[in-house]
> 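Got a structure for you, questions after.
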There are 2 protein chains.
Amino acid sequence: MTTNEQPLALPEIETKERILAAALKVFGEKGYHPATMAEIAEAANVGKGTLYWYFSSKEELFTGIIEQQIQTVNLELRSVLEAAEQPFPELLLTFTKVFLDYSYNKRQLSRIFMGTPLGFSDELRARMFSWHKEFLAINTELIQLGLKKGFFSPDLEVERVVTAFTGLLFAFSGRQFMEENGDQVEAEAVFIRDLITHGIAHQA
Amino acid sequence: MTTNEQPLALPEIETKERILAAALKVFGEKGYHPATMAEIAEAANVGKGTLYWYFSSKEELFTGIIEQQIQTVNLELRSVLEAAEQPFPELLLTFTKVFLDYSYNKRQLSRIFMGTPLGFSDELRARMFSWHKEFLAINTELIQLGLKKGFFSPDLEVERVVTAFTGLLFAFSGRQFMEENGDQVEAEAVFIRDLITHGIAHQA
DNA sequence: CTCCCTCGACCGAACGGTCGGTCAGTCAGG
DNA sequence: CCTGACTGACCGACCGTTCGGTCGAGGGAG
């Protein structure tokens, strides 16, 4: 109990982490179908067979990496909702910033996540569907919190608001085709909050 | 000159149209990579070789079909901008409606268009990039028109507004993962216009 | 009208290449 | 010397593309 601190990192874990990181990179750069296992193996500095020691298939590797990433964002977002005694516009701002921060840093994730959910096995498609629903659920919580706090008019359709909000999040997180002028997270989050609260027409 | 009216439709044209329609369908359902030429051929009721009589490669077939579709939307959108003596909020509404109408009917297109631009040849990637830029250009025209008409405050960053607007368009056109409650085009377009003009907070 | 030749749209078996997945084997550590 | 992490040559399935060939319409000659 005294000797085995953390010095010798279990090689098992290290390799698995290396594979996951490489998979995120390669899947993020090329998308699911064009990414090859050989490429991932090379990027992880392991043999192709090693991938199959840790993961039973390309799909499992893919779902593994995505689920891990999504849980990270979702956790962060949920913690924003929990610590929510700020007034709603502040909350909206923080939420937006957390999301944008995350997706600027892990650009690959949003690329994959935004990507067409097409041409996958039924199982994978269902999985992606449920990820998306979970993400929508968190956003719905946010919006409903706004409703409860009297920020939104009660006759607004929640689903519609959620669609709009996530659309804005994705649009600013992605900029997938364009060059990045990232790290304007603050300004962009403010813009989104303002757009939602009072619009962007010249005069009120 | 008197006899050869249009009775015998040139079989050539008919087949090519059939292939294009089949390609739109299959690419739209599965995305670029998982779609196979065999599948497209089957859907078009032609032999696989026939595809190569009309198109020199899978990529060319793909770019052909997309370019045709995109030009259609772009043309419609531009015509909205041209006939623009309406006040700006009306214009915004019409523009949005046209876009949503189109993409509800041709759902495949927006799926492909929104899809990850990943794992393509450099040439195809560049092509997709330019399609996207063209679409952004049209939206920029719209926003700039709003600026000229004094609808937007002059110190708003145009690019930011365009990003937000296209994000909203895509979010409502897509609903890619969700069931469709389409044909609410009118209501959704109104929602977007209102969001932009005065926000959706409870009181002004 | 008929025979035959030409032509080009169309076909699908086959080819070459790629990729996910396998497995017999290696080797370091205990 | 056993165990288990790890390897990479290899396999079979699949896919884009090619190519030799079919078929039927058109048209010219008899």
Side-chain angles (χ1 to χ4, degrees), chain A residues 3-4 7-23 25-27 29-66 118-125 127, chain B residues 1 3-23 26-27 29-66 118-125 127:
Chain A
T3 47
N4 58 351
L8 303 183
L10 301 170
E12 194 190 330
I13 290 178
E14 215 185 56
T15 303
K16 190 169 184 178
E17 290 306 312
R18 238 171 39 241
I19 292 175
L20 283 170
K25 179 168 180 291
V26 176
F27 280 133
E29 277 166 8
K30 317 196 108 184
Y32 179 74
H33 291 288
T36 72
M37 293 300 263
E39 221 175 339
I40 293 171
E42 200 185 349
N45 247 305
V46 298
K48 194 151 69 115
T50 310
L51 301 182
Y52 289 88
W53 179 262
Y54 292 98
F55 301 92
S56 65
S57 67
K58 187 186 184 185
E59 271 201 15
E60 204 204 280
L61 179 52
F62 183 68
T63 57
I65 189 70
I66 303 294
L118 304 174
F120 294 123
S121 74
D122 287 348
E123 202 190 336
L124 218 189
R125 179 193 291 262
R127 201 75 153 266
Chain B
M1 245 189 208
T3 47
N4 58 353
E5 293 299 66
Q6 99 290 32
L8 303 182
L10 302 170
E12 194 191 331
I13 289 178
E14 217 186 57
T15 302
K16 189 169 185 177
E17 291 306 313
R18 240 174 33 244
I19 291 175
L20 283 170
V26 175
F27 280 133
E29 277 167 8
K30 317 196 107 186
Y32 179 75
H33 291 289
T36 71
M37 294 300 264
E39 216 173 346
I40 294 170
E42 200 185 348
N45 245 308
V46 298
K48 202 148 63 115
T50 310
L51 300 183
Y52 288 88
W53 180 261
Y54 292 99
F55 301 92
S56 65
S57 68
K58 188 186 184 185
E59 271 201 16
E60 203 205 281
L61 178 53
F62 182 69
T63 56
I65 189 70
I66 303 294
L118 304 174
F120 294 124
S121 74
D122 288 347
E123 202 189 336
L124 219 190
R125 178 193 290 263
R127 202 75 153 267

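By convention in this document, chain letters (A, B, ...) are assigned in the order of the sequence lines, proteins followed by strands, and residues within each chain are numbered from 1.
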> Measure the shortest side-chain to side-chain distance between Y54(B) and L20(B) over non-hydrogen atoms and say whether it is less than 4.5 angstrom.
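Side-chain contact under 4.5 Å: no.
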
> In this structure, how many angstroms lie between the C1' atom of dC11(C) and the CZ atom of R18(B), rounded?
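So the CZ-C1' distance, R18(B) to dC11(C), works out to 13 Å.
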
> Distance check needed: dC14(D) C1' versus I40(B) CD1, whole Å only.
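I40(B) atom CD1 is separated from dC14(D) atom C1' by 15 Å.
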
> Given side chains that start at C-beta, do those of I66(A) and F27(A) come closer than 4.5 Å, heavy atoms only?
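Of all side-chain heavy-atom pairs linking F27(A) with I66(A), none is under 4.5 Å.
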
> By the salt bridge (charged side-chain N to carboxylate O under 4.0 Å, His left out) test, which pairs, at least two apart or in different chains, include something from residues 50-64 of chain B?
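Listed once each, the pairs would be none.
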
> Once ring-ring contact (aromatic ring centres under 6.0 Å, His included) is applied, do any residues pair with F55(A), and if so which ones, sequence neighbours excluded?
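F55(A): no ring-ring contact (aromatic ring centres under 6.0 Å, His included) contacts found.
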
> Can you tell me how far the CZ atom of R127(A) sits from the CG atom of L124(A), to the nearest 0.5 Å?
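Atom-to-atom, R127(A):CZ and L124(A):CG are 7.5 Å apart.
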
> What N/O pairs connect the protein and nucleotides 18-24 of chain C at under 3.5 Å? Give each pair on its own line.
| residue | atom | partner | partner atom | Å |
| --- | --- | --- | --- | --- |
| dG20(C) | OP1 | A35(A) | O | 3.1 |
| dG20(C) | OP1 | K58(A) | NZ | 2.8 |
| dG20(C) | OP2 | M37(A) | N | 2.8 |
| dG20(C) | N7 | K48(A) | NZ | 3.2 |
| dG21(C) | OP2 | Y52(A) | OH | 2.9 |
| dG21(C) | OP2 | K58(A) | N | 2.8 |
| dG21(C) | N7 | K48(A) | NZ | 3.1 |
| dG21(C) | O6 | K48(A) | NZ | 2.3 |

> Sequence neighbours excluded and cut-off under 3.5 Å, please list the side-chain donor-acceptor pairs for residues 36-44 of chain A, or say none.
| residue | atom | partner | partner atom | Å |
| --- | --- | --- | --- | --- |
| T36(A) | OG1 | E39(A) | N | 3.1 |
| E39(A) | OE2 | K30(A) | NZ | 3.3 |

> Can you pull every protein N or O that's under 3.5 Å from an N or O on nucleotides 22-24 of chain D?
none

> How many Å lie between CZ on F55(B) and C1' on dG16(D), as a whole number?
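To the nearest whole Å, that distance equals 16 Å.
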
> Measure from CG on N45(B) to C1' on dG12(C) and round the result to the nearest Å.
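These atoms are roughly 14 Å apart.
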
